[in-house]
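Structure, as structure tokens:
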Amino acid sequence: MPRTPVRVRIAPSPTGDPHVGTAYIALFNAAFARHHGGQFLLRIEDTDQKRSTRASEDAILRSLKWIGLDWDEGPDVGGPCGPYRQSERGEIYRSHCDTLIEKAKAYRCFCTSERLDQMRAEQRAAKVTSRYDGHCRHLDPEVSRARAESGEAFVVRLAMPTDGESVVPDALRGPVVYDNRQIDDQVLLKTDGLPTYHLANVVDDHLMAITHVIRAEEWINSTPKHLALYQAFGWEPPVFVHMPLLRNEDKSKISKRKNPTSLEFYQRSGILPEAMLNFLGLMGYSMEDEREQFTFAEFARELDLARVSLGGPVFDLKKLDWLNGMYLRAMTPESLALRTFAYYREDDRHGPVSLLVQERVTSLADYMDHADIFYGGQRNPGLFGRHLLIGCTSRKKNAVRLGRHGSRAYFEDVIARLEAEPNWEPAAIEAALRAAVTQAGVLVGDGLMAVRVAVCGRPTSPPLFETMHVIGRAVTLVRLRAAVSLLGDERMLQDAIAHAQAELDAVREALQVAEAAVTPTPHQSSPAAEA
RNA sequence: GCCCCGUUAGUCUAGUGGUCAGGACACGGCCCUCUCAAGGCUGGGACAGGAGUUCAACUCUCCUACGGGGCACCA
């Protein structure tokens, strides 16, 4: 039986788009807290100064709220265990680290990264687990202190036991045994004075009275280090629950290269938040009566972690769409309309979208014919897929034709450049695209047309750079990656060809019918034509 | 390479020694129907392989194979 009061947390790192995996783990934590009448907290793990941004943090909070999760304590709502942003708790970690050094459970390490790299390379070559070799572990405490005080750069490492075993009592798997010789003397405090995940996580979980750590399986191998820390501090560890990892179609850990992972993408796509949450509740989990549609309240009420299945679930967009459709059909017609209007109304890009669409519209009803490219997730280039083959549709004499593989490489280059660009602004987008065009050596118009068709799904759109800016990074990149896989996948390509062929046949047939209609044969002539 | 975890159909899953291995998505067929959806009915499709324990293994144990994760001054 769980300790009371149950306290659990979600601890996202604000280093990118709000991730679907974060929502997945958050769902189980929030439901677990609700189930036991406990608290659910949100803590921001922003100890990586180089990658953490406030924009990402804001987006993560926004997206978690969007799918309907809320928390009892967190950086935005406060609480008794604050601050809830690790970057604001530096002093806490430093003092805890000091006590560890005093207890000889941790030590300063002055090794250079060059030495460490070399050491790992050697270990790799010798086919043994990479592990810090303990070079600085037995420095005399006074010498260590003196070197630190003289200003020499150092990190603090955990002094792991060098023999024996560590047993992780995972709630879903039973005891998982590790040979301590496999476990590294993990860095706890970085040269910049900030803690690593391992230290901050353990200290905060203890200080915030977390009773159950429900997190992704990728953490299971570092749990022995965490256990060692609890022991070094003399604290009681929480219950550990490692959830399976969401997977791509090829079973690898879900990644943005192979799947839309941003919650913003799903929101933009018109997925209902309650359907999204419901779908996540189906990943690695099933209700006792095998019901597949349920609300968060039902999920929380019936949640039983023993029912979690450990095989990594593939994130199947098809089933999400089906589920979303079920929710849509279950609404009253009135609320479907209102939800739809709200979907557009709550979108904050009215101004920019209108600006681009305005000079092209002829009536209010015409607006959406132009604006549709800004909404929804993936778009099917369908009939216009030929434009994805750079130069192949060009009428210009000097056109450079890339063909399938070249076009694919071009799109990959475009994606890489856009990903590397921190500012999602028209000018930056333009620079990235022009650079890719130059790199590929194709005509500007042809290169940009390919991108336009990939991103908009058709060869007409407002100015491309502004359009991509308004469509947004997450959706734009998903659409571009879809173009890459279309170009790279024989079967998808065949489908596209078959589709285009069918369209062509239909057009031919229509043409024949129309021609027949304007060249009347004698028995078809009407009295009016004879007059 | 080393360590850890996992393995029921293309996918999500039920199943905790005795079931005709159940449901859902997707796919095929039929019905409904002015189209398309939706809906109804229906079909094909799974216990990774091998040993062992047992009267009896999808279920327990071991080995193999395959998949995944981890091995950072990232989380």
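Any value given below was found using the heavy atoms of this structure, including those in side chains, with hydrogens, waters and symmetry copies removed. Note on naming: letters A, B, ... go to the chains in the order of the sequence lines (proteins, then strands), and numbering restarts at 1 for each one. This one's a predicted model, so the numbers in the text were calculated from it and none came from an experiment.
For A:Thr332, the side chain to side chain donor-acceptor pair (under 3.5 Å) partners at least two apart in sequence or on another chain are A:Ser335. Considering only residues two or more places apart in sequence or on other chains, A:Arg51 meets the side chain to side chain donor-acceptor pair (under 3.5 Å) condition with A:Asp48. For A:Arg34, there are no salt bridge (charged side-chain N to carboxylate O under 4.0 Å, His left out) partners two or more places apart in sequence or in a different chain.
Nucleotides B:A57 and B:C47 place their C1' atoms 11 Å apart, quoted to the nearest Å. B:U11 sits 15 Å from B:U7 when the C1' atoms are compared, rounded to a whole Å. Taking atom P on both nucleotides, B:G43 is separated from B:A37 by 23 Å, rounded to a whole Å. Rounded to the nearest Å, the gap between the C1' atom of B:C32 and that of B:C66 is 46 Å. Nucleotides B:A46 and B:A51, compared at atom C1', are 23 Å apart to the nearest Å. With C1' as the reference atom, B:C58 and B:G15 are 8 Å apart, rounded to whole Å. Taking atom C1' on both B:U61 and B:C73, the two are 44 Å apart, rounded to the nearest angstrom. On the P atoms, B:C3 is 25 Å away from B:U8, given to the nearest whole Å.
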Short N/O separations, protein against nucleotides 30-38 of chain B, under 3.5 angstrom:
| unit_1 | atom_1 | unit_2 | atom_2 | d |
| --- | --- | --- | --- | --- |
| B:A38 | O3' | A:Arg329 | NH1 | 3.3 |

Would you tabulate the pairs of protein nitrogen or oxygen atoms and nucleotide nitrogen or oxygen atoms of nucleotides 59-64 of chain B closer than 3.5 angstrom?
none

Polar atom pairs between nucleotides 1-9 of chain B and protein, under 3.5 Å, N or O only, would you list them?
| unit_1 | atom_1 | unit_2 | atom_2 | d |
| --- | --- | --- | --- | --- |
| B:G1 | O2' | A:Lys127 | O | 3.0 |
| B:C2 | O2' | A:Thr129 | OG1 | 2.5 |
| B:C2 | O2' | A:Gln182 | OE1 | 3.1 |
| B:C4 | O2' | A:Tyr178 | OH | 3.2 |
| B:C5 | O2' | A:Arg173 | NH1 | 3.2 |
| B:C5 | O2' | A:Glu217 | OE2 | 2.7 |

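Contact check of residues 154-170 of chain A against RNA chain B (heavy atom, cut-off under 4.0 Å) returns A:Val155, A:Arg157. A heavy atom lying under 4.0 Å from RNA chain B marks none of the residues of residues 95-103 of chain A.
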Using atom types as modelled, flag every donor-acceptor pair under 3.5 Å from a side chain in residues 12-24 of chain A to any protein atom, sequence neighbours excluded.
| unit_1 | atom_1 | unit_2 | atom_2 | d |
| --- | --- | --- | --- | --- |
| A:Ser13 | OG | A:Glu45 | O | 3.3 |
| A:His19 | ND1 | A:Gly21 | N | 2.8 |
| A:Tyr24 | OH | A:Met283 | O | 2.8 |

Give the table of side-chain donor-acceptor pairs shorter than 3.5 Å for residues 165-176 of chain A, with sequence neighbours excluded, one pair per line with atom names and distance.
| unit_1 | atom_1 | unit_2 | atom_2 | d |
| --- | --- | --- | --- | --- |
| A:Ser166 | OG | A:Asn180 | OD1 | 2.5 |
| A:Asp170 | OD1 | A:His242 | N | 3.1 |
| A:Asp170 | OD1 | A:His242 | ND1 | 2.8 |
| A:Asp170 | OD2 | A:Leu172 | N | 2.9 |
| A:Asp170 | OD2 | A:Arg173 | N | 2.9 |
| A:Asp170 | OD2 | A:Arg173 | NE | 3.1 |
| A:Arg173 | NH1 | A:Glu217 | OE2 | 3.3 |
| A:Arg173 | NH2 | A:His242 | O | 2.1 |

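Side-chain proximity of A:Ser13 to B:A75, B:C25, B:G23: nearest is B:A75.
A:Lys318 has no carboxylate O lying under 4.0 Å from a charged side-chain N of A:Asp316, or vice versa, which leaves the two without a salt bridge.
In this structure, B:A56 makes no Watson-Crick or G-U wobble pair, since no nucleotide meets both defining distances under 3.5 angstrom. In this structure, B:C27 and B:G43 make a Watson-Crick or G-U wobble pair, each of the two defining distances being under 3.5 angstrom.
Looking at heavy atoms from C-beta onward, A:Phe32 lies out of side-chain contact with A:Thr211 at the 4.5 angstrom threshold.
Ring-plane geometry between A:Phe40 and A:Trp71 is classed as perpendicular, the angle between the planes exceeding 60 degrees on a 0 to 90 degree scale with a lower cut at 30.
Every pair passing salt bridge (Lys or Arg N to Asp or Glu O under 4.0 Å) that includes a residue from residues 98-115 of chain A is listed here, sequence neighbours excluded: A:Arg115-A:Asp133. Evaluation of the ring-ring contact (aromatic ring centres under 6.0 Å, His included) test over residues 273-305 of chain A, restricted to residues two or more places apart or in two chains, returns A:Phe28-A:Tyr285, A:Phe28-A:Phe299, A:Phe279-A:Phe315, A:Tyr285-A:Phe299, A:Phe294-A:Phe299.
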